[in-house]
There are 2 protein chains.
Amino acid sequence: MDAKTQAKMEARARILKALAHPTRLFIVEELSRGERPVAELTSLVGLDMSTVSKHLSLLKAVGLIRDERRGVQVFYSLATPCVLNFFGCLESVLEARLQTQIELVG
Amino acid sequence: MDAKTQAKMEARARILKALAHPTRLFIVEELSRGERPVAELTSLVGLDMSTVSKHLSLLKAVGLIRDERRGVQVFYSLATPCVLNFFGCLESVLEARLQTQIELVG
DNA sequence: TTCATATTTGGCAATATAGCCAAACAATAG
DNA sequence: CTATTGTTTGGCTATATTGCCAAATATGAA
């Protein structure tokens with residue numbers, strides 16, 4: 001793999017990696033319904049706010065979400081909604097794998 | 001996040017995690033052009049064959065690729081080509097982020 | 001069987017990640 | 001100013017991941 005391709009793959013991987021965590025996927029899906037302040041996301045997620053804040057920073061760093069402070073709160077929202085299209089494909093991967101496993105048993 | 005949602009997000013994250021590595025992204029893109037034996041992928045990637053083999057195992061474990069032994073070689077191919085649709089979105093995330101950075105400078 | 005080739009697996013070292021707690025920081029109210 | 005609320009950052013530990021090398025396994029040829 002040449003250096004240029006390597007750089008391109010690393011850039012893509014960075015975004016996918018940001019997405020590749022249960023909590024962050026949940027946050028993205030939640031944000032697909034509209035912007036949310038950190039406190040609300042924290043209560044939905046059910047982890048320490050510092051943990052949620054770090055997940056949000058990571059998603060923001062790669063450009064998947066945006067933040068906007070209004071008064072004392074920081075509202076996060078989806079910056080690139082096209083990632084929502086991933087979910088359908090992920091489900092079909094899961095279904096296909098399930099199907100394969102059924103065939104192995106049957 | 002309730003247990004069921006957690007499980008769903010974990011399942012999705014497992015697939016995305018498998019994809020979220022420069023080498024594995026490269027492999028997936030290479031396989032989009034057709035099946036390839038491990039040795040060929042290894043020479044394209046430029047890492048130890050054992051390393052490439054482990055990447056392939058991981059991709060296969062989550063159902064993204066398939067393997068088929070023919071004689072002494074094992075050919076890998078894409079099981080769920082819909083993941084190729086991710087790349088366009090990833091590029092747009094990268095472009096949007098670049099645009100934001102330009103705005104911050106200008 | 002033995003040999004050669006293709007691939008996978010085991011084991012290890014280096015690095016990265018996720019979570020919590022505590023402390024710092026930001027904005028507004030009083 | 002201080003106090004309060006909302007959020008982020010620092011630091012730490014536990015766990016996971018990636019890569020290499022060496023060894024094991026699998027298939028086909030002789």
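From a predicted model like this one, the values you see are computed outputs, not experimental measurements. Proteins get letters first, then strands, A, B, ... in listed order; numbering begins at 1 in each.
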Which residue, Q73(A) or K54(A), contacts DNA chain D at a nucleotide closer to its 5' end, judged by nearest heavy atom? Q73(A)
On DNA chain D, nearest-nucleotide positions of F75(A) versus H21(B): which is more 5'? F75(A)
Please work out which of the three classes, parallel, tilted or perpendicular, describes the rings of H21(A) and H55(A), given edges at 30° and 60°. tilted
Taking only N and O in the side chain of T51(A), is any of them less than 4.0 Å away from OP1 or OP2 of dC20(C)? yes
E35(A) and R70(A) ion-paired at < 4.0 Å: yes
Would you classify L47(B) as touching base, sugar-phosphate or nothing, given that sugar-phosphate means primed atoms plus P, OP1 and OP2, and contacts are heavy atoms under 4.0 Å? sugar-phosphate
Starting the side chain at C-beta, find the nucleotide from dA26(C), dT8(C), dT8(D) nearest to V72(A). dA26(C)
Length of the CD-P vector between Q6(A) and dT18(D), whole Å: 13 Å
Where the side chain of M49(A) is concerned, which of dA6(C), dT9(C), dT8(D) is the nearest nucleotide? dT8(D)
Name the nucleic acid region contacted by V38(A), choosing base, sugar-phosphate or nothing; use a 4.0 angstrom heavy-atom cut-off, strictly under. sugar-phosphate
Below 4.0 angstrom from OP1 or OP2 of dG6(D), is there any side-chain N or O of Y76(A)? no
Pi-cation contact, F87(A) with R12(B) (under 6.0 Å, within 45°): yes
To the nearest Å, give me how far apart CG (L56(A)) and P (dT9(D)) are. 11 Å
Residues T5(A) and D2(A): closest non-hydrogen pair is OG1-OD1, 2.8 Å
By the 4.0 Å heavy-atom rule, please label K17(A) as base, sugar-phosphate, or nothing. sugar-phosphate
Please determine whether a side-chain nitrogen or oxygen atom of S53(B) lies at a distance below 4.0 Å from atom OP1 or OP2 of dT8(C). yes
Tell me whether the OP1 or OP2 atom of dT17(C) has a side-chain N or O from H55(A) closer than 4.0 Å. no
Hey, does the Lys NZ or Arg CZ of R69(A) hover above the aromatic six-ring of F75(A), less than 6.0 Å from the centre and inside 45° of the axis? no
From CD of E68(B) over to P of dT8(C), roughly how many Å is that when rounded to an integer? 13 Å
Rounded interatomic separation in angstrom, taking CZ from F26(A) and P from dA18(C): 17 Å
Distance check needed: dA16(C) P versus L16(A) CG, whole Å only. 19 Å
Could you state the CG-C1' distance from D48(A) to dA14(D), rounded to the nearest angstrom? 16 Å
A39(B) has a side chain; which of dT8(C), dT7(C), dC20(C) sits nearest to it? dT7(C)
When you check the gap from the basic side-chain N to the acidic O, do E68(B) and R66(B) get nearer than 4.0 Å? no
L41(B) atom CG is separated from dT7(C) atom C1', nearest whole Å, by 12 Å
Phosphate OP1/OP2 of dT18(D): any R24(B) side-chain N/O under 4.0 Å: yes
Atom-pair distance (CG on L19(A); P on dA18(C)), nearest Å: 12 Å
